[in-house]
Amino acid sequence: MQTLVMKFGGTSVGNAAAIQQTADICAQQKQSSENLVVVVSAMSGITDLLIQAAQQAAGNQPERMWETIETIRTKHLQVIDALLPADSAPVAEREQVITAVTARLDELNSYCQSIQVLGEVTSRGMDVISSLGERISAQIVAALLRIMGTPSIAVEATQLIVTDRSFQNAVPQMGPSREKIRKVLHPLFHQGFVPVVTGFIGATPEGITTTLGRGGSDYTGAILADCLDADELWIWTDVDGVLTADPRVVAHARTIPEISFAEVGELAYFGAKVLHPKTIRPAVTRNMPLWVKNTFNPGFPGTRISQSATRERGEISAVTTIKDLSILTVEGRGMLGVPGIAARTFGAVARTGASVQMITQSSSEQSICFTIPSKLSEDVVASLEAEMSLELYRKDIDRIWSRDQVVILSIIGAGMRETPGVSARIFGALGKANINVVAIAQGSSEYSLSLVIDQAEANAAVRAIHDEIIPPLV
Ligand code: ADP
Ligand code: ASP
Ligand code: MG
């Protein structure tokens with residue numbers, strides 16, 4: 001293969017043994033891929049700890065902040081000690097990586113101290129801090145590859161990916177990014193290097209660090225693969241590919257060997273954490289196959305995601321959930337036929353910054369229901385009440401209320417909506433398990449059916465539906 005991008009997630013670089021395993025896979029793959037790019041996440045748990053340290057700094061909790069910083073420091077230095085031991089690793093390599101990593105850790109100290117003085121952390125400041133995990137892990141993986149005899153160099157994606165200024169959820173600008181990516185990486189390929197690029201991060205045209213959103217390293221992989229016209233993108237993680245359900249919920253969930261972009265897009269959108277939802281788009285545009293593989297079971301092929309994957313009509317691929325949601329209802333007999341109510345409703349929601357995952361409307365137009373993240377429900381209700389104050393006063397709208405602690409459970413499969421009997425089996429399975437359905441949305445795509453149910457019953461519902469409609473392997 002000529003150009004291949006391989007992305008390794010947090011667990012794949014989560015400890016010394018995992019990093020060794022990752023480096024072994026990269027060194028091996030370099031033998032058959034002329035231009036190989038590696039993208040790495042922060043070690044698992046580190047991004048959370050970095051954010052926690054910043055919050056503790058802003059909350060004026062210096063003792064806790066220093067404890068968190070110490071945990072971050074120790075975790076990295078222990079891994080360096082294990083992978084590049086003082087008594088056997090080449091001295092220059094060890095010193096170089098320790099210098100690079102401690103420089104980042106010292107940056108963390110000073111950012112947190114500044115935040116403590118200011119008493120607040122901006123989203124721009126949060127991006128600089130949460131980018132540090134990837135900037136450290138890339139250094140460690142590149143150093144390990146070098147001592148294993150594979151020429152490699154750590155590259156910060158701030159040099160490659162140009163984004164807008166939407167801190168914490170930045171949008172890449174593909175034209176300028178393409179130019180930079182090719183300008184920086186092509187000379188490295190010619191010199192035989194494997195660039196180890198930081199996932200998750202980018203920079204504005206002025207060079208201010210941004211991040212692409214939590215779980216965004218998958219997206220980094222897709223952006224690089226797109227801009228390099230790569231043959232394939234491989235996402236290495238800690239499970240055997242895209243599975244029929246979250247394996248933490250359904251222990252016997254199984255690998256889906258092949259799946260289409262359209263189906264996997266629905267799966268990612270509806271909560272399967274294995275792929276960041278934005279990863280798919282560049283792959284679709286270029287019709288570039290994507291693989292999801294297991295770092296800890298590298299001989300297993302995993303899941304191939306492509307345009308062409310076909311599925312039997314009505315065959316179900318997966319059951320997913322999005323948790324920690326609230327379902328809001330705007331209800332009133334006076335809404336009947338009044339133009340503009342829906343537009344004003346969603347305008348008021350948008351002003352709070354909440355994104356809506358699913359909408360249903362009763363056919364009599366007496367209510368509109370939609371889901372939003374629970375943490376925003378109070379704000380959204382307040383914004384709606386302000387927007388509709390006149391209608392509430394006139395009793396055209398009777399009430400605006402929120403039901404918290406719900407999930408969206410989605411059943412995903414090509415052509416499922418045209419297949420008679422699927423819904424009956426789904427509702428039959430829920431009925432048998434005594435699980436109540438709060439709302440239903442068919443969605444506009446033919447690939448999914450979504451239900452809202454109480455969070456307390458989510459796992460039982462996933463298991464009941466999975467076991468009813470996904471046939472076991474024979
Ligand atoms: P990484 O750190 O490698 O990016 P993530 O934790 O982001 O890994 O995603 C992998 C995890 O996604 C798995 O460990 C699994 O628990 C979870 N997951 C949820 N739904 C699915 C699914 N349908 N298929 C595979 N994994 C899933
Ligand atoms: N480290 C980042 C996160 O935890 C990005 C990623 O792992 O994909 O969100
Ligand atoms: Mg991930």
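Side chains are part of it too, since the values below use all heavy atoms of this structure and drop only hydrogens, waters and symmetry mates. As the structure lists them, so they are numbered: ligands from 1, and atoms in each ligand from 1. Please read all numbers here as calculations on a predicted model, not as lab measurements.
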message: For D229, is there an ion pair with R182 - N to carboxylate O distance below 4.0 angstrom?
response: yes

Among non-hydrogen protein atoms, atom 21 (C) of ligand 1 lies closest to D246 CA, 3.9 Å

Using distance alone, decide if ligand 1 has a nitrogen or oxygen within less than 3.5 Å of any nitrogen or oxygen in L243. yes

Quiz item: Have D127 and T209 got a donor and an acceptor in their side chains that come within less than 3.5 Å?
Solution: no

Pairs of nitrogen or oxygen atoms closer than 3.5 Å, one from D218 and one from ligand 2: do any exist?
no

Counting from 1 in the order shown, the ligand 1 atoms closer than 4.0 Å to a non-hydrogen atom of T237 are 1 (P), 3 (O), 8 (O), 10 (C)

Tell me whether G215 has any N or O atom under 3.5 angstrom from an N or O of ligand 2.
yes

Quiz prompt | pair F189-P195: side-chain heavy atoms closer than 4.5 Å | solution = yes

Classify the side-chain pair S123/Q168 by whether it contains a donor and acceptor separated by less than 3.5 Å. no

For N436 and E457 the tightest heavy-atom approach is N-OE1, 3.7 Å

Ligand 1 atoms nearer than 4.0 angstrom to some heavy atom of D238 are 10 (C), 13 (C), 14 (O)

Honestly, for V239 the part within reach of ligand 1 (heavy atoms, under 4.0 Å) is side chain

Among G215, G9, G241, the residue with a heavy atom nearest to atom 25 (C) of ligand 1 is G241

Partner of Q455 under side-chain hydrogen bond (donor to acceptor under 3.5 Å, both in side chains), picked from D324, T321, D404, is D324

**Asked** Taking it one step at a time, do D106 and N109 satisfy side-chain contact (heavy atoms from CB on, under 4.5 Å)?
**Response** CA-CA 5 Å; D106 294 345; N109 290 1; 4.3 Å; yes

Could you check whether any heavy atom of G133 sits closer than 4.0 Å to an atom of ligand 2, since that is the contact criterion I want to use?
no

Check your understanding: Would E107 and R104 pass as an ion pair if we require N to O under 4.0 Å?
Key -> yes

Q) Do the ring planes of W234 and W291 sit parallel (below 30°), tilted (30 to 60°) or perpendicular (above 60°)? A) perpendicular

field: H276 and Y219 aromatic ring geometry - parallel, tilted or perpendicular at 30°/60° bounds
entry: parallel

Item checked: Short side-chain donor-acceptor distance under 3.5 Å, Q56 and T68 -> yes

I'd like to know if G216 contacts ligand 2, where contact means a heavy-atom distance under 4.0 Å to any ligand atom.
yes

protein heavy-atom neighbour closest to atom 6 (C) of ligand 2 works out as S217 OG, 3.3 Å

Answer yes or no: does an N/O atom from T244 fall short of 3.5 Å to an N/O atom of ligand 1?
-> no

Quick note on ligand 2: atoms under 4.0 Å from a heavy atom of R214 include exactly 3 (C), 4 (O), 9 (O)

K7 heavy atoms within 4.0 Å reach ligand 1 at atoms 4 (O)

G10 heavy atoms within 4.0 Å reach ligand 1 at atoms 1 (P), 2 (O)

The protein heavy atom nearest to atom 6 (O) of ligand 1 is K273 NZ, 3.0 Å

Atoms of ligand 2 under 4.0 Å from any heavy atom of E134, numbered from 1 in the order shown, are 1 (N), 2 (C), 5 (C)

Rounded to the nearest 0.5 Å, the CG atom of L430 sits from the CZ atom of R425 at a distance of 13.0 Å

Discussion item. Could you check whether Q21 and T295, counting side-chain N and O atoms only, form a donor-acceptor pair closer than 3.5 Å?
Written reply: no

If we number the atoms of ligand 1 from 1 as shown, the ones under 4.0 Å from a heavy atom of A245 are 22 (C), 23 (N)

Here the gap from S12 atom OG to F296 atom CZ, rounded to the nearest 0.5 Å, amounts to 5.0 Å

Numbered in order shown, the ligand 1 atoms found under 4.0 Å of a heavy atom of R248 are 16 (O), 17 (C)

In this structure, atom 7 (O) of ligand 2 is nearest to the protein heavy atom S41 OG, 3.2 Å

of all protein heavy atoms, closest to atom 26 (N) of ligand 1 is V274 CB, 3.5 Å

- Task: Say whether S12, considering both its backbone and side-chain N or O atoms, lies within less than 3.5 Å of an N or O atom on ligand 1.
- Result: no

N/O to N/O below 3.5 Å, does that happen between D218 and ligand 1? no

